[in-house]
Asks: 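Quick one: this structure, given as structure tokens, is what I'll be asking you about.
Letters A, B, ... mirror the listed sequences (proteins, then strands); counts begin at 1. Only heavy atoms go into these numbers, but all of them, side chains included; no hydrogens, no water, no symmetry mates.
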Amino acid sequence: MNIFDIYSEKIKTLVKNLNKQNLIEIPDSLNGINVDLPPEKFDCDISTNVAMVLSKSNKKPPIDLAKQLSELIKKNDKDISSIDVAKPGFINIKFNKSFWNNFLKEIIINQKEFGVNKKQKKKTYLVEFVSANPTGPLHVGHCRGAVIGDVISNILIFNQNKVIKEYYVNDYGNQIINFTKSVYFRIREILNNEKFPSDNPDLYPGDYLIDIAKNIISQNKKIKFDNFKNISNELTKLSIEQSLKMIKLNLKILGINHDNFASETDIVNNNEVQSVIDQLEKDKFVYKGKINAPEGEDKTDWIEREQLLFRSTDFGDDKDRALQKSDKSWTYFASDVAYHNNKLKRKFDILINILGADHAGYIKRITSAVEALSGEKNKLICKVSQLVKLIKDGKPFKMSKRKGDYITVHDLVNEVGKDATRFIMLNRSGDAELDFDFTKVKEKSRDNPLYYVQYCYARISSVFRNINKKINEEIKIKNYDFSYSNDEIKIIKKISQWPKCIELSSSKLEPHRVTVYLYELASDFHSYWNLGKDNEDKRFIDKDNKVSDNKIVLLKSVSNVIKSGMDIIGVDAPEKM
RNA sequence: GCGCUUGUAGCUCAAUUGGAUAGAGCGCCUGACUUCGGAUCAGGAGGUUGAGGGUUCAAGUCCUUCCGGGCGCACCA
């Protein structure tokens, strides 16, 4: 039940009818007409800008139109207790108390549906996120995109869409060869006491490779590790297997489960790259040519080459992009185009990629490729998660691959906990950089907004515990003829905004809105709770140690929304803390 | 040099897809613990939304020109 939508429809219908009767003029589109939440200082529940939108086409001052329209809106609507017009031309509507009773009744009866956006047509989505190279454990930098991708998926699932969470494994190319070599040297180090060539910049120096090497040795007693060439294929497979095992463990402790792991090697081996390039060639999106060196950069080591190029400039990219290397092997981009073609063949309505900020420059070419292949614009939506700026002991902390200078997901979750990690990663819009003060979060974890929201849920639980009930038990209420105070209605109004929060989070793919909302709801609840100190009427538990029905309904509505929200962001809502 | 992105209170961030007098937390100042769980609450101070111009009934939000951060810019993936 979204009261904003209900009134938006009512008002648009009214306006259309007036237009049919030639009483007013309307513009081509009524999309500009909104029903919104007014600022708190106004004593009303919802407001609409309809008069301002219609003012121009009717050549009338918005205030006059507003007066005229407000009377018509109020007429025949028994839910409205008062309606008035404010300065530029807003129409402010206040509901009577029975409206809020009915609202609560409805959301308690349909608690699982509350917040679900039903006007949107259900779609199938593929959300690709994390997709970190399988050459090492996940570090803090991967963490944000991981959580954002997971929660975006959860929001879409909450809205009853079908979602596949996918991880693309880049198990092909030079990095993997170097990675395998590194494992090989670690194995030699363990078995033959040969020193690891740590001065070779192509190799991966991290300690985790020692564990990988040990595991491979103990699990593959038959293999002889004395000639790299002979075993490189097998060792590559084993190394990636180990590495993925580690990554999956990292994801698991973050509370993330992908539905599918797609392999780049599979895409290449199945000849999907060649076939997608044939398809693009047929449609004249591919040609042989040269790319210009970027302006303003040192061009001395620039080698002009004729290469197979994709016409991404047709779709607004600044240059065409190489598909084939000079040794005729495919570029990363080429296999990624094939991978996206593979996604397209699986017939999803919408593809979503969550990328790190360092890959933002890649978006144009890959969306271009998807557009070329599918003929649809915005079939692929890329969402960037900006960098996490790590701060340790008050100073910016640069991670390097040098031993020790590395904070993994595992370290982070061990120190801070899964829930706090997720909450903090979501607490700011993904478009902006996030300061993550490692020391501060560790020391002062109680200042974390997570606990503020959880505490709200725990308090509600404690009330139920006091009357020997469980917070998630179903409640039976005979009638909903209550009279809530203004303090209580403040909370109810916040609850009524939950569907709107979900709608925005989902349409803009902005999961931070959920944490922000939960914080606000918790805040309203805590305020109300503290009123009970001075005024016993405002306490949930009365003198006879009972909780009245109206209070139970209110508590239940708040806890339901908090639980829903916490489930979406993948954070626990404990009954005791 | 080009592209993307960002600039809001001392600090960290919100701002309902263009709405009304821009809101929270931290920090600072004042107050509420024989508590329905103080991991909480009430109040105060703190702003030319980086700067200028434009569009609009209405701009933190859109366009434009500057200024300052961040990221990226041939066969690395």
Side-chain angles (χ1 to χ4, degrees), chain A residues 4 32 34 36-42 47 49 51-53 55-56 61-62 86-90 92 131 133 135 170 172-176 264 290-297 302-305 307 317-319 321-333 335-336 356-364 384 386-387 389 427-429 431-435 437 440 444 446-449 451-452 454-456 458-459 461-463 466-467 497 500-501 503-504 507-508 510 512-513 516-517 519-520 523 526-534 536 538-542 545 547 576-577:
Chain A
F4 299 96
N34 293 327
D36 276 316
L37 185 75
E40 262 184 63
K41 52 211 156 205
F42 294 94
S47 78
N49 62 352
M52 270 117 76
V53 174
S55 157
K56 201 170 187 180
K87 214 173 35 185
F90 287 101
N92 290 335
S131 299
N133 286 328
T135 54
N170 299 126
Y172 182 84
N174 286 328
Q175 290 194 170
I176 294 299
E264 183 178 2
K290 293 171 184 167
I291 315 178
N292 294 329
E295 292 292 325
E297 276 208 350
W302 181 267
I303 306 160
E304 235 181 33
R305 277 181 273 249
Q307 308 176 278
D317 201 2
D318 19 319
K319 53 178 85 171
R321 303 292 173 175
L323 293 163
Q324 208 167 30
K325 304 180 197 171
S326 48
D327 65 0
K328 300 294 172 197
S329 67
W330 302 117
T331 60
Y332 171 78
F333 176 57
S335 59
D336 206 26
D358 49 341
H359 290 85
Y362 189 75
I363 293 175
K364 200 76 209 178
V384 171
Q386 285 295 332
L387 301 185
K389 242 193 296 178
N427 211 21
R428 188 177 178 181
S429 144
D431 298 334
E433 279 180 42
L434 176 84
D435 278 7
D437 192 325
K440 214 173 171 182
K444 303 169 74 182
R446 300 207 159 174
D447 285 344
N448 194 300
Y451 298 103
Y452 187 84
Q454 287 185 328
Y455 187 46
C456 171
R459 272 182 155 172
S461 293
S462 81
V463 175
N466 270 306
I467 53 169
Q497 290 158 40
K500 202 157 184 152
C501 168
E503 186 185 332
L504 276 167
S507 65
K508 301 181 109 172
E510 289 179 347
H512 74 283
R513 289 170 185 276
V516 169
Y517 172 85
Y519 189 89
E520 288 170 0
S523 171
H526 286 311
S527 292
Y528 182 78
W529 181 282
N530 279 274
L531 292 175
K533 282 180 184 168
D534 301 329
E536 286 192 12
K538 309 233 181 218
R539 296 191 181 183
F540 291 99
I541 299 174
D542 62 24
N545 215 27
V547 181
K576 276 185 184 172
M577 289 171 72

Asks: Tell me whether the OP1 or OP2 atom of B:U21 has a side-chain N or O from A:K87 closer than 4.0 Å.
Replies: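 So the side chain of A:K87 is within the cut-off, an N or O lying under 4.0 Å from OP1 or OP2 of B:U21.
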
Asks: With a non-hydrogen cut-off below 4.0 angstrom, is A:H359 in contact with a base, only sugar-phosphate, or nothing?
Replies: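 Base, at least one base heavy atom under 4.0 Å.
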
Asks: Just call it for A:Q386: base, sugar-phosphate, or nothing, with non-hydrogen atoms closer than 4.0 Å on any strand.
Replies: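 A:Q386: backbone/sugar contact only, no base atoms under 4.0 Å.
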
Asks: So A:G532, base contact, sugar-phosphate only, or nothing? Heavy-atom distance under 4.0 Å.
Replies: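 Base: the residue A:G532, judged by heavy atoms under 4.0 Å, touches a nucleobase.
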
Asks: Just checking A:V516: base, sugar-phosphate only, or nothing, at a heavy-atom cut-off of under 4.0 Å?
Replies: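 Sugar-phosphate: the residue A:V516, judged by heavy atoms under 4.0 Å, touches backbone atoms but no base.
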
Asks: Can you identify which nucleotide, out of B:G23, B:U12, B:A14, has its nearest atom closest to the A:K41 side chain?
Replies: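 Within the option list, the nearest is B:G23.
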
Asks: So if I take every side-chain heavy atom of A:N466 and compare against B:A77, B:U16, B:C36, which nucleotide ends up nearest?
Replies: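 Ranking B:A77, B:U16, B:C36 by closest atom to the A:N466 side chain puts B:C36 first.
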
Asks: Does the pair A:D36/A:K500 count as a salt bridge with the N-to-O cut at 4.0 Å?
Replies: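 Looking at A:D36 and A:K500, the cut-off is met.
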
Asks: Which atoms of nucleotides 56-61 of chain B (N or O only) lie under 3.5 Å from a protein N or O atom, and what are those distances?
Replies:
| from | atom 1 | to | atom 2 | distance (Å) |
| --- | --- | --- | --- | --- |
| B:C57 | OP1 | A:K56 | NZ | 3.4 |

Asks: Is there a Watson-Crick or G-U wobble partner for B:A42 with both distances under 3.5 Å, and which nucleotide is it?
Replies: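 Its partner is B:U30 (Watson-Crick or G-U wobble, both distances under 3.5 Å).
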
Asks: Measure the shortest side-chain to side-chain distance between A:N170 and A:Q175 over non-hydrogen atoms and say whether it is less than 4.5 angstrom.
Replies: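 No, their side chains stay 4.5 Å or more apart.
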
Asks: What integer number of Å spans the P atoms of B:A15 and B:G23?
Replies: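 These two P atoms come out 14 Å apart once rounded.
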
Asks: Hey, does A:D431 reach any base, or is it just sugar-phosphate, or nothing, if we go heavy atoms under 4.0 Å?
Replies: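 The answer is sugar-phosphate, as A:D431 gets under 4.0 Å only of primed atoms, P, OP1 or OP2.
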
Asks: Could you check whether A:L387 gets within reach of a base, just the sugar-phosphate, or nothing at all, counting any heavy atom under 4.0 Å?
Replies: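 Touches sugar-phosphate only.
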
Asks: With rounding to the closest Å, how many angstrom separate the C1' atoms on B:U61 and B:G54?
Replies: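 Their C1' atoms lie roughly 15 Å apart.
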
Asks: With a non-hydrogen cut-off below 4.0 angstrom, is A:F333 in contact with a base, only sugar-phosphate, or nothing?
Replies: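 Answer is nothing: A:F333 stays at 4.0 Å or more from every strand.
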
Asks: Can you tell me if A:W529 is stacked onto the base of B:C36, using a 5.5 Å centroid cut-off and an angle below 30°?
Replies: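 Here A:W529 meets both the 5.5 Å and the 30° conditions.
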
Asks: Would you state whether a donor and an acceptor, one from the side chain of A:N92 and one from the base of B:A20, lie under 3.5 Å apart?
Replies: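 Present.
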
Asks: For B:U17, does OP1 or OP2 lie under 4.0 Å from any side-chain N or O of A:R513?
Replies: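 For B:U17, neither OP1 nor OP2 has a side-chain N or O of A:R513 closer than 4.0 Å.
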
Asks: Starting at NZ of A:K500 and ending at P of B:U17, how long is that distance when rounded to a whole Å?
Replies: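 That distance rounds to 6 Å.
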
Asks: A:A357 near the nucleic acid: base, sugar-phosphate alone, or nothing, with a heavy-atom cut-off under 4.0 Å?
Replies: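 Touches sugar-phosphate only.
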
Asks: Could you give the NZ-to-P distance, from A:K364 to B:C2, as a whole number of Å?
Replies: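 Nearest whole value for this atom pair: 18 Å.
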
